[in-house]
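What follows is a short report on a single structure.
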Amino acid sequence: MSGPYSDKVMAHFANPHNVGELNDADGIGEVGNPACGDIMKMYIKVKDNVIVDTRFKTFGCGAAIATSSMATDLIKGKTVDDALKVTNKAVAEALGGLPKQKMHCSVLAEEAIQAAIDDYLKKTTGKGLNLKESSHEHAHEEEEGHEC
Amino acid sequence: MSGPYSDKVMAHFANPHNVGELNDADGIGEVGNPACGDIMKMYIKVKDNVIVDTRFKTFGCGAAIATSSMATDLIKGKTVDDALKVTNKAVAEALGGLPKQKMHCSVLAEEAIQAAIDDYLKKTTGKGLNLKESSHEHAHEEEEGHEC
Amino acid sequence: MRQVYLDNSSATSLHPKVAELMASLLKEGLANPSSLHGPGRRAKEVLEEARGRVAGLIGAKPEEIVFTSSGTEANNLAIKGMAMAYKDKGRHIITSDIEHFSVLNPLTRLEKMGFSVTKVPVDSNGVVDPAAVERAVTPETIFASIMLANGEVGTIEPIKDIAGVLKKKKVILHADAIAAAGNIPVDVNELGVGAMSLSANQFHGPSGAGALFVRNGVRVRPQIDGGVQEGGRRAGTEDLLAIAGMGKAAELAAKEMPERSNKLRSLRDALRDRLTKDVDFIHLTGHPTQRLPGSLSLCVEFVEGESVLLFLDMQGVAVTSGSACTSKALKASHVLLAMGVDAAVAQGSLHFSLGMNTTKEDVDYVAKVMPPIVDRLRQMSPLYEKVSKEVKA
Amino acid sequence: MRQVYLDNSSATSLHPKVAELMASLLKEGLANPSSLHGPGRRAKEVLEEARGRVAGLIGAKPEEIVFTSSGTEANNLAIKGMAMAYKDKGRHIITSDIEHFSVLNPLTRLEKMGFSVTKVPVDSNGVVDPAAVERAVTPETIFASIMLANGEVGTIEPIKDIAGVLKKKKVILHADAIAAAGNIPVDVNELGVGAMSLSANQFHGPSGAGALFVRNGVRVRPQIDGGVQEGGRRAGTEDLLAIAGMGKAAELAAKEMPERSNKLRSLRDALRDRLTKDVDFIHLTGHPTQRLPGSLSLCVEFVEGESVLLFLDMQGVAVTSGSACTSKALKASHVLLAMGVDAAVAQGSLHFSLGMNTTKEDVDYVAKVMPPIVDRLRQMSPLYEKVSKEVKA
Ligand SMILES: Cc1ncc(COP(=O)(O)O)c(C=O)c1O
Ligand SMILES: Cc1ncc(COP(=O)(O)O)c(C=O)c1O
C-alpha cells in the first residue's frame with residue numbers, strides 16, 4: 001500500500017541496525033533539536049583510522065530512525081575519510097528515496113556522522129573538523145521556521 | 001412527491017376546465033406576452049349580467065394553464081361585478097397555493113378576467129373598465145426584466 | 001409505466017460498474033487519505049488511482065488534476081483562482097455569451113472587484129468564432145474561458161483553434177469541458193488548454209465529484225482554504241467515494257466512448273427525424289453536426305416548454321427545457337437568446353439528452369407520446385389558433 | 001491481525017445504517033434535484049429529507065441549513081461569506097489560537113484583503129475565556145469564530161457564554177462545531193450562535209457532506225457561484241448521496257447519542273487509566289472533563305508521535321499525532337503549542353479517538369500493545385537515556 005515511506009525505509013525503521021550505545025566509543029556526536037522533532041546521537045569506534053563499530057540512538061520519526069540505521073550501516077568498515085564522504089543523498093538513495101519533506105532527516109544523519117568523527121578527531125588529534133553551523137538549523141531559519 | 005406544484009394545480013393542469021373558444025362570446029380578453037412565456041385569452045358569455053359560460057386558451061407553463069382553468073371556474077355563474085372581485089390571490093388560494101415565482105400567473109388570470117369583462121362592457125355599454133396599465137407588464141419593468 | 005430518462009445533461013444515470021465499485025467501497029469503509037496509518041494509506045491509494053484514471057481520460061498528468069465537489073466548483077476554482085493568481089499581470093478576461101452560470105457568475109463577481117470581462121458572441125448555431133476571441137485580446141488579458149461543448153444545445157466549440165490564437169498572444173485558455181469530457185474525445189495537449197473543468201455526473205459517474213485540470217506551470221489560488229489536500233489547491237477532506245466513482249467512470253468512458261457515441265448518435269438522429277416528421281413547427285437548435293452525440297435540442301413553436309415537460313413526465317419521460325418558465329429566474333435560456341432564437345420560440349425549448357442506457361424502445365416511445373402532447377397543448381394555445389387560422393386562410 | 005480504528009477524529013467509520021441507505025440510493029439512482037420531472041422531484045425529496053434531519057440534530061430550521069462538500073468548505077463559507085456580506089459594517093474579526101486551519105487560513109486570506117483579526121489565547125486546558133473574547137471586541141468587529149470542540153485535544157469550549165457576551169455587543173458568533181456536532185448535544189438556539197459548521201464524517205456519516213447553519217437574518221455571500229442551489233448560497237449540483245448519508249447519520253446521532261457517549265466515555269476512561277498506569281511520563285492534554293466523549297489526547301515523553309503511530313499501525317491500530325513530523329508543514333500542532341505544551345513534549349503527541357464501533361477488546365488490545373512500543377522507542381531515544389540516567393543517579 002502506498003505509504004509515505006519506501007519498503008526499505010520501513011524495514012530499517014521496524015528493525016533498525018546498530019541501535020544502542022558504545023561504552024568504549026572513540027567519538028560521539030549528537031545533532032538535532034527535540035523541539036524540531038529529531039535528535040540523533042551517533043557513537044563510533046575507530047581502529048587504524050577505520051570505523052570498526054558504530055551505534056546510534058535517535059528520537060524522531062520513521063525516517064529519522066531509518067536514516068540513522070542506514071547511516072551507521074554505510075560508515076561501518078569505512079575509513080574516517082571515506083565516512084566523511086557519505087552524503088545525505090547517499091543515505092537517502094540507499095533507502096530507496098525519502099519523501100521530500102523528510103529529506104532533512106538524511107541531512108541530520110550526515111551531520112551526525114560528521115559530529116561523531118569531529119569528536120573522535122578532537123579527542124585524538126586535538127583538532128576537529130571545521131564544521132559549519134549546522135546546515136539543518138540553517139535551513140530552519142531560512143524557511144522562517146516552516147521546516148525543522 | 002414534492003413537486004413545484006400542489007396536487008390541485010397538477011389536476012387543473014392535466015385536465016383543465018373550460019378549454020377552448022366561445023364562438024358567440026360576449027367578451028374576449030387577451031393578456032400576456034409570448035416572450036415572457038404566458039398568454040391567456042379568455043372568452044365570456046353573459047346573460048342578464050351573469051357570466052353563464054366561459055372558455056380560455058393559454059400559452060404558458062403549468063401554473064398558467066391551471067390558473068386559467070381555475071379562473072374560468074371561479075367566474076362562471078357570477079355576476080359581472082362579482083367576477084371583477086376575483087383577485088389573483090383568490091385564484092392562487094383556490095388552487096392550494098402557487099410557488100412564489102409562479103404567482104405572476106395568477107396575476108395574469110386576474111387580468112384576463114378583467115380584459116374579457118372590459119371587452120364585454122365596451123361592446124355593450126360603449127365604455128370599458130378603467131383598466132390600469134397591465135400590472136403584469138408593470139411588475140416586469142420594475143424588476144428590470146428579471147420577471148416576466 | 002415505461003420510464004424514459006432523457007435528461008442526462010442534468011445528471012447522467014450511474015454506470016452499473018461505477019455503482020458497483022462505490023457499493024464495494026461503501027462496504028469496505030474508507031478512512032481519511034491524509035492519515036498515515038494503514039486505512040489512511042489504503043484511502044490514499046483509492047484517491048490516487050482515481051486521479052490517474054481521470055488524468056488518463058484527458059491525456060493529463062495525475063498531478064495536474066485537482067478534485068472538486070462539482071463541475072461548478074471546478075469552474076469557480078479556474079475563474080477566480082486564475083484571476084487571483086494573475087491579477088498583477090492584468091485584469092481582463094474573455095468569455096462567451098453562452099457559458100454556464102458557473103463561469104458567468106464568478107466573472108460577474110470579478111467585475112465587481114475591478115476586473116473587466118469581454119463576452120464574445122456566437123453565431124446562430126452557437127459557435128464562437130476564434131477570430132472574435134483573438135480580437136478581444138488586450139495587453140491586459142490574463143485568460144479566456146470558453147466552453148468545449150454547450151450542455152443546453154449540444155454545440156461543440158472550436159477550442160483547439162481558440163487555444164491556437166490565444167497561444168500566440170500568450171493568453172491562457174480555460175475550457176469548461178463539463179458537458180464534453182467523457183462524451184467526446186478530449187485531450188488537453190491536443191486542445192492546447194491551460195486549464196479545463198470536468199464533472200463526473202456528465203459521464204455516468206456520481207454527482208459530488210468534479211475536477212479541474214491545471215497544466216503544470218499554470219497557477220490557481222485555492223478558493224477553499226484549510227488543509228493541504230490536493231497539492232494545496234483545494235482544502236477539505238476528500239469525498240473519496242464520489243472521487244473513486246469519477247475515476248471508474250472516466251476509465252469506462254475512455255474505453256466505451258466509440259461504441260457509446262455511435263449508438264447515441266444513431267438513436268438521437270432517429271428521435272430527431274421522427275419528431276421533426278410528426279410534429280410541425282419544430283426548430284432544431286445548436287449546431288446540426290458539430291454537436292454532442294446524445295444531445296437533441298429543439299424548440300416547439302406555440303407551446304411552452306414546462307407544459308410539454310410536465311405532460312411528458314406524466315408519461316414517464318424525463319427531459320429538460322430552457323424556457324423562462326422552467327428557470328428560477330424566469331428568464332429564457334441566455335444560450336438560446338445569444339444564438340438569436342426568438343424569445344417566443346425559445347419558450348418552447350426542450351432538450352432531450354440521451355445516455356448510455358437509452359434504447360431504441362425509448363426513442364420509439366417518446367416519438368409516440370410526444371406528438372399528441374404537443375397537439376393537445378397547441379389546441380389550448382392562443383398562438384397556434386392564429387397560425388392555424390392563417391394557414392386555413 | 002486485530003484491526004483497531006481509533007482515528008475517528010480524522011474520519012469516523014460509516015454507520016451501518018448510513019451505508020445501507022447510501023447503498024440503496026446507489027441502486028435506485030439519483031437525478032438532479034433541480035430537475036422538474038419525476039426523478040428530479042424524487043431527488044429533491046431526498047435532499048429536503050436530509051436537510052430536515054440535519055436541522056433536527058441542531059435545533060435549526062430546515063431553510064437555515066446550507067449543504068457543503070466538507071466541514072472545511074462550511075468554515076470557508078462562514079468566514080469569507082460573512083466577511084464579504086458585512087464588510088461595509090466593519091473589518092475586524094475575532095478568533096482563537098486553537099482553531100482548525102479551515103478557519104485560520106481563510107482568516108489569513110482576509111487579513112491580506114485588509115481585514116484585521118484578533119486571536120484570543122487559551123489556557124493550558126485549551127479553553128477560551130469568554131471575557132477575553134469580550135475584551136477583543138471593537139466597534140469594527142463584525143463576527144467571531146470560535147470552535148465548539150477541538151478535534152485534536154477534545155476540549156469543549158464555553159460557546160454559550162461566548163455567544164452571551166457577544167450578543168450584548170451585537171457581534172455574530174460562528175461556531176466551528178465540526179468535531180462536536182453529532183457527538184455531544186448541540187442546539188443552535190441554546191448556544192445562541194449565528195452560524196455553525198458541521199461535517200458528516202465526524203458523526204459516522206460519509207466524507208463529502210458538510211453543512212453550514214446560517215440563522216435566518218444572518219447573511220453569507222456565496223463562495224461558489226453559479227446556479228441557485230441551496231437558496232442561492234452555494235452553487236453546484238448537490239452531492240445527494242453524501243447529503244442523504246449525512247441526514248441519516250444526523251438522525252441516528254440524535255437518537256443514539258446518550259447511549260453512544262456513555263459507552264465512549266467509559267471506554268475512553270479505561271484506556272486512559274490503563275495507559276497512564278502502564279506507561280510513565282505521559283501527559284494528558286486538553287480539558288480533563290470538559291471534553292468530547294471519545295477523545296483521549298496525550299503526549300508520550302521522549303518518543304516521537306509518528307514513530308509510535310507507525311509501530312501501532314504495524315499492530316493494526318490506527319491513531320493520529322500532532323507532532324511536527326506527522327504534519328506536512330513539519331510544525332508541531334499549533335493547538336498543543338497554544339496550550340503551552342513544551343515543543344519537545346508535543347513531539348510525543350498522540351490522539352486516540354474512539355467511535356461507535358470501539359469495543360472493550362479494542363481498548364484492551366491497545367493497552368497491551370502500546371507499552372512495549374513506547375518502551376522500545378525509548379530504548380532507542382537519546383532523550384530517555386538522559387532521564388533514565390538521572391533517575392538512576
Ligand atoms: C457546460 C457546463 N458547465 C458547468 C456545469 C455545472 O456542473 P455541475 O452541475 O457539476 O456543478 C454544467 C452542468 O451540466 C455544464 O453543462
Ligand atoms: C474542528 C474542526 N474543524 C474543521 C475540520 C475540517 O473538516 P473536514 O475534514 O470535513 O473538511 C475538522 C476536521 O476534523 C475539525 O475537527
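As the structure is a computational prediction, the values presented were derived from the model and not from experiment. Proteins come first, then strands; the chains are lettered A, B, ... in the order of their sequence lines, and each starts at number 1.
With a 4.5 angstrom heavy-atom cutoff, D/Y384 does not touch chain A via any of its atoms. For A/A14, the parts sitting under 4.5 Å from any heavy atom of chain D are the backbone and the side chain alike. Heavy atoms closer than 4.5 Å to chain D are found in the side chain of A/I65, but not in its backbone.
Under the 4.5 Å side-chain criterion, counting only non-hydrogen atoms from C-beta, A/C61 is not in contact with D/Q347.
Of all non-hydrogen atoms in A/A63 and D/E306, the two that sit nearest each other are N-OE2, 4.3 Å. Among all heavy-atom pairs drawn from D/L310 and A/G62, the shortest one is CD1-CA, 4.1 Å. Of all heavy-atom pairs between D/M380 and A/P16, the closest is CE-CG, 3.6 Å. The two atoms that bring A/Y43 and D/E385 nearest to each other are OH-OE2, 3.3 Å, heavy atoms only. Of all heavy-atom pairs between D/P382 and A/F59, the closest is CD-N, 3.4 Å.
Between chain D and the options A/R55, A/K57, A/K41, heavy-atom pairs under 4.5 Å are most frequent for A/K57. The greatest number of non-hydrogen atom pairs below 4.5 Å with chain A, out of D/G348, D/C325, D/A343, is found for D/C325. With respect to chain D, the highest number of heavy-atom pairs below 4.5 Å among A/I39, A/V19, A/T58 belongs to A/T58.
For NZ of A/K123, the number of neighbouring non-hydrogen atoms (other residues, nucleotides, ligands) closer than 6.0 Å is greater than 12. Enclosure of atom CG in A/D24 by more than 12 non-hydrogen atoms of other residues, nucleotides or ligands within 6.0 angstrom is indicated.
Ring pair A/F13/D/F311: centre-to-centre distance below 6.0 Å.
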